[in-house]
Protein chains: 2
Amino acid sequence: MRPNQPSLTPAGEVKRAQPPTLRDVAEAAGVHAATASRALNPSTRRLVSAETARRVIKAAKTLGYQPNPIARSLKTAKSSTVGLVIPDLTNPLFPPIVRGIEDVLEAEGFSAWIVNTDNDPERERARIDSLRSRQVEGLIIATARVDHPFLEALHEQGVKMVLVNRRVENLEVPCVTADDATGIALAVRHLAELGHRRIAHLAGPHSTSTGVVRSRAFRHAIRDHGLEDDPSLTVECAHWNEADGATAMRELLDRDNRFTAVVAGNDLIALGCYDVFAERGISCPDEMSVVGFNDMPFIDKLRPPLTTVGVPHHDIGAEAARMLLDCIEEPDRRPRSLLLPVTLVVRDSTAPPSARPSS
Amino acid sequence: MRPNQPSLTPAGEVKRAQPPTLRDVAEAAGVHAATASRALNPSTRRLVSAETARRVIKAAKTLGYQPNPIARSLKTAKSSTVGLVIPDLTNPLFPPIVRGIEDVLEAEGFSAWIVNTDNDPERERARIDSLRSRQVEGLIIATARVDHPFLEALHEQGVKMVLVNRRVENLEVPCVTADDATGIALAVRHLAELGHRRIAHLAGPHSTSTGVVRSRAFRHAIRDHGLEDDPSLTVECAHWNEADGATAMRELLDRDNRFTAVVAGNDLIALGCYDVFAERGISCPDEMSVVGFNDMPFIDKLRPPLTTVGVPHHDIGAEAARMLLDCIEEPDRRPRSLLLPVTLVVRDSTAPPSARPSS
DNA sequence: TTGTAGGCGTTATCAA
DNA sequence: TTGATAACGCCTACAA
């Protein structure tokens with residue numbers, strides 16, 4: 001017999017009460033455990049009499065019964081759990097997405113395991129393996145690269161997943177992304193309307209779909225507005241971060257191009273531009289306009305406040321979670337993809353080009 | 001018999017191979033499951049012959065065996081899991097702490113469940129209940145208030161926990177915090193050395209130990225430097241955020257105090273000051289110096305870059321995780337508290353007081 | 001409508 | 001040193 005009240009061990013210390021189990025509830029209600037299980041489970045409750053159900057539920061409440069999700073998982077092979085694979089939680093892009101995901105999951109009784117890959121494929125493998133061993137029912141992945149054989153392999157194995165922010169070529173998996181192309185188009189139009197003619201692009205890495213899509217959209221937009229379409233005005237950054245943004249900006253300036261505005265692949269790359277402006281005494285927006293992408297928190301507090309493309313990160317997370325839950329519930333549903341609308345947020349980093357003598 | 005190779009169901013679809021279980025490994029190695037278990041488990045490996053262990057381990061590797069942590073948890077009543085209770089993941093303070101925690105947990109085979117309370121006691125209760133039902137072995141709590149009966153109750157119930165950033169009065173629980181008092185002392189000394197005599201303090205909420213400790217340290221430091229010790233120079237913010245920082249700053253200015261510098265309770269409150277400066281055309285640091293606390297990411301990119309107290313957030317997380325693991329391993333160890341060293345990071349938001357006519 | 005029995009995958013306690 | 005057995009808490013055919 002397992003003690004359910006604090007009791008004394010031979011040594012005399014107080015032993016903690018174990019949490020009540022289903023059997024304790026059943027006993028208290030004077031029914032069998034199976035009956036109690038049915039009564040407590042909304043989907044099987046119709047199998048027991050209303051009176052019995054009432055008694056069981058009351059007993060459960062009295063005892064403070066909480067079902068043991070571990071035992072339940074072992075039996076049902078479901079964990080009510082999903083994995084969340086992101087590069088790095090300290091990148092301010094991700095927390096709002098994570099909150100969006102959790103808000104939806106929580107409402108459905110699911111929880112998320114968050115893992116950071118630091119963009120290391122080895123680490124990604126290991127962390128995803130660990131998630132799988134914990135029986136997650138699906139994955140939300142924010143680390144996808146254009147060519148990502150590991151994700152393809154997972155998909156082959158029937159692992160349910162949803163991609164956020166990114167896509168993988170030739171992979172039939174649901175995605176939720178911002179409308180990158182429109183965002184870039186808005187940025188270019190804004191600069192064109194201010195009077196800029198030579199606009200540069202600091203592209204994100206082309207190993208990511210986001211980098212590719214934004215780059216392509218940039219070229220399109222430039223042509224659409226009849227602006228100078230000079231390939232040397234685009235530099236690809238090695239990573240989506242400040243340091244590589246700064247490097248790319250330096251390269252661009254060293255080419256001695258007479259551009260007056262930059263569309264940065266994202267806000268962090270734009271931050272790198274700011275660093276280079278400080279280094280070289282370039283004044284923004286007087287001498288150079290910059291547009292970012294994402295509208296990260298606090299980016300409006302910069303010097304100068306950054307004009308950028310606003311992305312509904314919370315919604316991206318929420319939609320992705322909803323999609324994954326859909327996949328889990330109806331495994332045969334066809335993968336949909338969602339493109340969420342973006343907005344241009346004009347601040348002080350963009351202005352008409354100065355009349356300064358161009359070199 | 002459970003099929004371990006993909007097989008055909010009556011309907012003809014391919015059935016996914018189940019992941020191999022311990023029994024599969026045992027069978028492949030020609031031993032009993034119990035033996036395989038012992039061989040695979042480092043702590044019991046000495047109970048089997050070296051030869052058997054080798055065979056089992058090899059078989060496990062060949063089959064790609066991954067122990068099922070759910071089954072293991074059910075048996076051992078341990079989940080290798082801890083709960084992480086924070087107010088809001090989108091507050092940039094927390095991601096580095098979380099990473100520090102995860103880095104340590106991961107090395108020990110533990111994982112963390114993160115929950116956000118949004119500083120809502122009701123929600124905190126619910127989320128912690130849910131963590132407990134998931135059998136977490138302990139909690140790391142970043143939401144503690146000075147008076148926090150719920151945490152006391154948990155402690156009474158024997159729930160293992162470690163507090164980060166905060167303390168609870170009369171609660172004998174291990175804590176990991178930054179050395180707030182020293183940080184504030186450094187800030188005040190820096191301002192005093194610049195020549196400021198009337199220094200204000202925008203205190204964090206006194207419902208949090210951090211708010212109390214920093215406030216008290218401020219008064220001490222002011223007296224130590226023989227500066228003007230005027231209680232009306234301190235305003236308490238309702239929350240640790242921008243909006244309430246701005247409100248408090250407006251109140252301070254409206255009192256028409258002739259202070260020339262502000263020690264903000266944290267960086268977000270300092271951000272609120274920046275907003276008010278913009279509103280009222282006050283130039284920082286020329287007319288007003290500000291010091292923040294925490295050295296949040298990107299705070300160096302503000303206009304002007306913020307002078308602040310640098311806090312080792314990653315270390316705070318790492319130490320807290322280590323402490324919790326210690327508590328889990330040796331339940332009887334006495335609670336220790338750790339005070340981590342801080343540094344003053346001088347940037348451009350502080351300067352000598354101007355010679356402008358005071359009022 | 002309710003009870004019985006068996007098992008999810010693992011580990012602990014026996015006995016051999 | 002290994003094997004047999006039972007049990008962790010829950011769910012679900014099946015039988016009553």
Side-chain angles (χ1 to χ4, degrees), chain A residues 1-4 17-56 59-60 63-80 109 132-135 137, chain B residues 1-4 17-56 59-60 63-80 109 132-135 137:
Chain A
M1 211 193 75
R2 202 166 43 65
N4 270 317
Q18 303 285 115
T21 74
L22 188 56
R23 297 166 71 137
D24 299 324
V25 175
E27 209 168 308
V31 297
H32 191 271
T35 307
S37 169
R38 288 186 277 251
L40 258 17
N41 214 307
S43 65
T44 47
R45 187 165 302 153
R46 49 176 195 75
L47 296 176
V48 307
S49 77
E51 162 58 15
T52 311
R54 216 187 39 72
R55 255 198 355 267
V56 171
L63 294 177
Y65 170 74
Q66 291 275 87
N68 179 330
I70 295 183
R72 176 179 285 168
S73 291
L74 185 59
K75 178 65 191 178
T76 61
K78 302 191 152 93
S79 60
S80 289
R132 295 185 66 195
S133 82
R134 288 186 185 268
Q135 314 273 102
E137 296 188 39
Chain B
M1 208 195 77
R2 200 168 41 68
N4 270 316
Q18 304 284 113
T21 73
L22 189 56
R23 298 166 71 134
D24 298 325
V25 174
E27 208 168 308
V31 298
H32 190 272
T35 307
S37 169
R38 289 187 277 251
L40 258 17
N41 214 307
S43 65
T44 46
R45 188 165 300 151
R46 48 177 196 74
L47 296 176
V48 306
S49 76
E51 161 58 14
T52 310
R54 217 186 38 72
R55 257 196 359 265
V56 171
L63 294 178
Y65 169 74
Q66 293 274 88
N68 180 329
I70 295 184
R72 175 177 288 168
S73 292
L74 184 58
K75 179 61 191 175
T76 62
K78 308 200 147 106
S79 61
S80 289
R132 295 185 68 194
S133 83
R134 288 186 185 268
Q135 314 272 107
E137 297 187 38

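Each chain gets a letter, A, B and so on, in the order its sequence line appears, and its residues count up from 1.
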Seminar exercise, completed: Whole-Å distance, B:Arg72 CZ to D:dC8 P, equals 19 Å

Seminar exercise, completed: Here the distance between atom C1' of D:dA4 and atom CZ of B:Arg23, to the nearest Å, is 12 Å

For this session: Take atom CG of B:Asn41 and atom P of C:dT10, then tell me their distance rounded to the nearest Å.
Result: 11 Å

Exercise. Taking only side-chain nitrogens and oxygens of B:Thr52, does any of them come within less than 4.0 Å of OP1 or OP2 of D:dT2?
Worked result: yes

Problem set entry | Nucleotide C:dG9, atom P - distance to CD1 of A:Ile70 in whole Å | 16 Å

Problem set entry | Closest to the B:Val48 side chain, choosing from D:dG3, D:dT2, D:dT12 | D:dT2

For this session: With heavy atoms under 4.0 Å as the rule, sort B:Leu47 into base, sugar-phosphate or nothing.
Result: base

Exercise. Is there a side-chain polar atom (N or O) of A:Ser37 under 4.0 Å from OP1 or OP2 of D:dC10?
Worked result: no

For this session: Nearest-nucleotide wise, let me know which of B:Val31 and A:Lys75 is further upstream toward the 5' end of DNA chain D.
Result: B:Val31

Exercise. Counting N and O atoms only, with roles assigned by atom type, does the side chain of A:Arg38 sit under 3.5 Å from a partner on the main chain of A:Arg45, one being a donor and the other an acceptor?
Worked result: no

For this session: Specify the separation, in whole Å, of atom CG of A:Leu74 and atom P of D:dC8.
Result: 13 Å

Seminar exercise, completed: Judged by nearest nucleotide, the residue sitting upstream toward the 5' end of DNA chain D, B:Thr76 or B:Ala33, is B:Ala33

For this session: Check whether any side-chain N or O of B:Ser49 sits under 4.0 Å from OP1 or OP2 of D:dT2, and answer yes or no.
Result: yes

For this session: Using a 4.5 Å cut-off on heavy atoms from C-beta on, say whether the side chain of B:Thr21 contacts that of B:Gln66.
Result: no

Problem set entry | Integer-rounded Å distance: C:dT10 C1' and A:Gln135 CD | 12 Å

Exercise. Does A:Ser73 reach the main-chain N or O of A:Lys78 with its side chain, forming a donor-acceptor pair under 3.5 Å?
Worked result: yes

Exercise. Would you say B:Leu22 and B:Leu40 make side-chain contact, with heavy atoms under 4.5 Å?
Worked result: yes

Exercise. Between D:dC10 atom C1' and A:Tyr65 atom OH, what is the distance in whole Å?
Worked result: 7 Å

Seminar exercise, completed: Between A:Ser80 and B:Arg134, the two heavy atoms sitting closest are O-NH2, 3.4 Å

For this session: Counting heavy atoms from C-beta on, name the nucleotide in D:dC10, C:dG9, D:dT5 closest to the side chain of B:His32.
Result: D:dT5

Exercise. Base, sugar-phosphate, or nothing for A:Ser73, non-hydrogen atoms under 4.0 angstrom?
Worked result: nothing

For this session: Using only side-chain N and O atoms of B:Asn68, determine if any of them is under 4.0 Å from OP1 or OP2 of C:dC8.
Result: no

Exercise. D:dC10 P sits how many Å from A:Gln66 CD, rounded?
Worked result: 11 Å

